2 protein chains.
Amino acid sequence: METAAARTEAAGSDLPFDVFARACPSRETLEHVTGRWGSLTVGALREGPCRFNELRRRVEGVSEKMLSQTLHALERDGIVHREAQPTNPPRVDYELTPLGIEVADRLLALIHCVEGSMAQVLTARGAYDATRAGR
Amino acid sequence: METAAARTEAAGSDLPFDVFARACPSRETLEHVTGRWGSLTVGALREGPCRFNELRRRVEGVSEKMLSQTLHALERDGIVHREAQPTNPPRVDYELTPLGIEVADRLLALIHCVEGSMAQVLTARGAYDATRAGR
DNA sequence: CAGCATCCAGCACGATACTG
DNA sequence: CAGTATCGTGCTGGATGCTG
């Protein structure tokens, strides 16, 4: 009972996918979803469908390039749906798929947990830094 | 109602911390927790306290350096507690703090959600790639 | 065992410019 | 508006070697 697979099974889950295993494709998807911009993009889309530039405004600080890249990865994974109207000027709406909503809800639970704990975190940081002040 | 802060408030949350805002410290903590190795480290520690090298084995593929770095960040944020015994050879145990457990549970919910959706994800990827086969 | 220090390759990312 | 293309760089992160 040393391997990741063995532990996963011991934990009651016999799914074929295990993020703790080196080469599992679920790691990629998890990274797309939890990545620096992925998590914020998915979180922002939970508020409802959104166009490209509006999304850029929701996710403060994201560059055009990174948002585009992030959206492509999420679309490929079936988390985000892209709806393009062939009008002029072009209009493209992004929205979460049903799967995306599932993921977004867990993600937002985590985000809110972190946001709500920031006072504690900041205190912990102060204490940690204080013990190392002299070095 | 354009800014991240305004939206957050409109969404019913009037917390002072908003990850969608450019310079919010919660972004850092979220990244520590959701980062490539952070998420796996926190997830692995949810199984119980663990020594350095055992942790390295649980989180397949992590290098010494990255694990060390990750643990420091998590310790500083008050997610992980480090307990060192001054014995020889040295023995150090890492474990989640109460806050860490809160976070880990949300994180694992997300991880299991992703793991359980991988069949769907892989199908979506196939479909996506198929439509772009010719370019 | 539990780690820090150093080196360095690669790519993640931002800035800028251009297209339909 | 909604992107793609290209370029430059600073940081990420792996490999290696050393310490207590």
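Owing to the predicted nature of the structure, the values given are computational and were not obtained by experimental measurement. When reading the values below, keep in mind they use all heavy atoms of this one structure, side chains included, and skip hydrogens, waters and symmetry mates.
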**Report entry** Minimum-distance pair of heavy atoms, taken over all atoms of B/L74 and B/G38
**Finding:** CD1-O, 4.5 Å

Report summary line: Footprint ends on DNA chain D, 5' to 3', for atoms under 4.0 angstrom from a heavy atom of chain A, come out as D/dC1 to D/dC7

Query raised in the report: So how far is it from B/R76 CZ to A/T131 OG1, rounded to the nearest 0.5 Å?
Result: 10.5 Å

Query - Where at least one partner belongs to residues 93-112 of chain A, residue pairs that pass salt bridge (Lys or Arg N to Asp or Glu O under 4.0 Å), sequence neighbours excluded - result: A/R46-A/D105, A/R91-A/D93, A/E102-A/R106

**Report entry** Qualifying side-chain hydrogen bond (donor to acceptor under 3.5 Å, both in side chains) pairs with a residue from residues 79-89 of chain B, counting only residues at least two apart or across chains
**Finding:** B/H81-B/E83, B/R82-B/Y94

Got a list of side-chain donor-acceptor pairs under 3.5 Å for residues 21-33 of chain A, not counting sequence neighbours?
from: A/R27; atom 1: NE; to: A/V19; atom 2: O; distance (Å): 2.6
from: A/R27; atom 1: NE; to: A/A21; atom 2: O; distance (Å): 3.4
from: A/R27; atom 1: NH1; to: B/E60; atom 2: O; distance (Å): 3.2
from: A/R27; atom 1: NH2; to: A/V19; atom 2: O; distance (Å): 3.4
from: A/R27; atom 1: NH2; to: A/F20; atom 2: O; distance (Å): 3.2
from: A/R27; atom 1: NH2; to: B/E60; atom 2: O; distance (Å): 2.7
from: A/E28; atom 1: OE1; to: B/R125; atom 2: NH1; distance (Å): 3.4
from: A/T29; atom 1: OG1; to: B/R125; atom 2: NH2; distance (Å): 3.0
from: A/H32; atom 1: ND1; to: A/D77; atom 2: OD2; distance (Å): 2.6

**Report entry** Partners passing side chain to side chain contact (heavy atoms under 4.5 Å, CB included) against A/Q120 (at least two apart in sequence or in another chain)
**Finding:** B/L99

Query - Terminal helix-axis angle for the helix from C/dC1-D/dG20 to C/dG20-D/dC1, with five pairs defining each axis and rounding to 10 degrees - result: 50°

Query raised in the report: Has the side chain of B/S117 got a donor or acceptor atom that lies under 3.5 Å from a matching backbone atom of B/C113?
Result: yes

Query raised in the report: How many angstroms lie between atom CG of B/L110 and atom CG of A/L108, to the nearest 0.5 angstrom?
Result: 10.0 Å

**Report entry** Nucleotides bounding contact with chain A, strand DNA chain C, heavy-atom threshold 4.0 Å
**Finding:** C/dC13 to C/dG20

Report task. Using side chain to side chain contact (heavy atoms under 4.5 Å, CB included) as the criterion, list what pairs up with A/T123, not counting sequence neighbours. Result -> none

Requested in this report: Provide the full list of side-chain hydrogen bond (donor to acceptor under 3.5 Å, both in side chains) pairs with a residue in residues 34-45 of chain A, sequence neighbours left out, each pair given once.
Outcome: none

Report summary line: Shortest non-hydrogen pair, A/G48 vs A/R58, comes out as O-NH1, 3.5 Å

**Report entry** Nearest-nucleotide comparison on DNA chain D, the residue closer to the 5′ end among A/K65 and A/Y94
**Finding:** A/Y94

Query raised in the report: Can you tell if the side chain of A/L45 reaches within under 4.5 Å of the side chain of A/V80, non-hydrogen atoms only?
Result: yes

Report task. Please answer: with hydrophobic residues joined when any side-chain heavy atoms are less than 4.5 Å apart, are A/V103 and B/Y128 in the same cluster? Result -> no

**Report entry** Side chains of A/V59 and A/T70 in contact at under 4.5 Å (non-hydrogen atoms)
**Finding:** no

**Report entry** Position toward the 5' end of DNA chain C (nearest nucleotide), A/P89 or A/G61
**Finding:** A/G61

**Report entry** Residues in contact with DNA chain D, drawn from residues 33-43 of chain A - heavy-atom cutoff 4.0 Å
**Finding:** none

Query - Residues in side chain to side chain donor-acceptor pair (under 3.5 Å) contact with A/Q69, at least two apart in sequence or another chain - result: none

Report summary line: Per the under-4.0 Å heavy-atom filter, residues of residues 69-82 of chain A near DNA chain D come out as A/H72, A/R82

Query raised in the report: Between A/V92 and B/M66, which is nearer to the 5' end of DNA chain D once each is assigned its nearest nucleotide?
Result: A/V92

